[in-house]
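Single-structure report; data block below.
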Amino acid sequence: MGTYFETGFGKTRTAELLHLQRQSLYARLRRAFTLLGGDPTGTPRALAIHLALRLHHHTP
């Protein structure tokens with residue numbers, strides 16, 4: 001999810017950076033969106049999720 005947010009929700013670029021086929025990325029995103037209660041793209045939740053991901057990544 002972090003890479004997806006960092007690319008500005010660019011699915012093609014995210015797949016490239018993660019060395020995945022786009023279909024594999026789509027499956028992972030569907031699973032994540034299910035766990036999150038829906039696609040956060042374009043919602044106020046996107047900022048909170050992005051910040052949580054960054055904090056988790058930078059926490060020792």
Side-chain angles (χ1 to χ4, degrees):
M1 287 295 296
T3 304
Y4 180 61
F5 276 82
E6 293 296 326
T7 63
F9 309 108
K11 293 175 182 169
T12 300
R13 183 67 180 140
T14 300
E16 289 171 355
L17 290 172
L18 296 176
H19 306 286
L20 295 171
Q21 292 182 355
R22 283 191 333 206
Q23 289 306 105
S24 296
L25 174 68
Y26 295 158
R28 290 181 184 199
L29 288 174
R30 272 194 307 275
R31 187 171 53 200
F33 294 160
T34 297
L35 293 171
L36 291 170
D39 182 351
T41 306
T43 69
R45 292 184 314 136
L47 177 60
I49 293 168
H50 185 105
L51 291 174
L53 288 167
R54 290 184 58 94
L55 286 172
H56 178 72
H57 178 73
H58 293 291
T59 302

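Sequential numbering from 1 along the given sequence is applied to the chain's residues. Just so it is clear, the values below take in all heavy atoms, side chains as well, and ignore hydrogens, waters and symmetry mates.
Side-chain atoms of Thr7 and Thr14 form a donor-acceptor pair, as typed in the model, at a separation below 3.5 Å.
Ring geometry, Tyr4 versus Phe33: the interplanar angle falls from 30° to 60°, so the pair is classed tilted.
The CD1 atom of Ile49 lies 4.5 Å from the CG atom of Leu36; values are rounded to the nearest 0.5 Å. A distance of 10.0 Å separates CG of Leu35 from CE of Met1, quoted to the nearest 0.5 Å. Atom CZ of Arg22 is separated from atom CG of Leu25 by 9.5 Å, given to the nearest 0.5 angstrom.
Under the 4.5 Å side-chain heavy-atom criterion for Ile, Leu, Val, Met, Phe, Trp and Tyr, Phe5 and Leu51 are members of distinct hydrophobic clusters.
Heavy atoms only, all atoms of each residue included: Pro40 and Ala46 are closest at O-CB, 3.4 Å.
Panel note: side chain Arg45, backbone Gly38; a donor-acceptor pair is recorded below 3.5 Å.
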(request) Run the numbers on Glu6 and Arg54 for side-chain contact (heavy atoms from CB on, under 4.5 Å), then give the verdict. (result) CA-CA 10 Å; Glu6 293 296 326; Arg54 290 184 58 94; 3.1 Å; yes

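Ion pairing between Lys11 and Glu16 fails under the 4.0 Å rule for side-chain N and carboxylate O.
By the 6.0 Å contact criterion, NE2 on His58 is enclosed, its count of non-hydrogen atoms from other residues, nucleotides or ligands being greater than 12.
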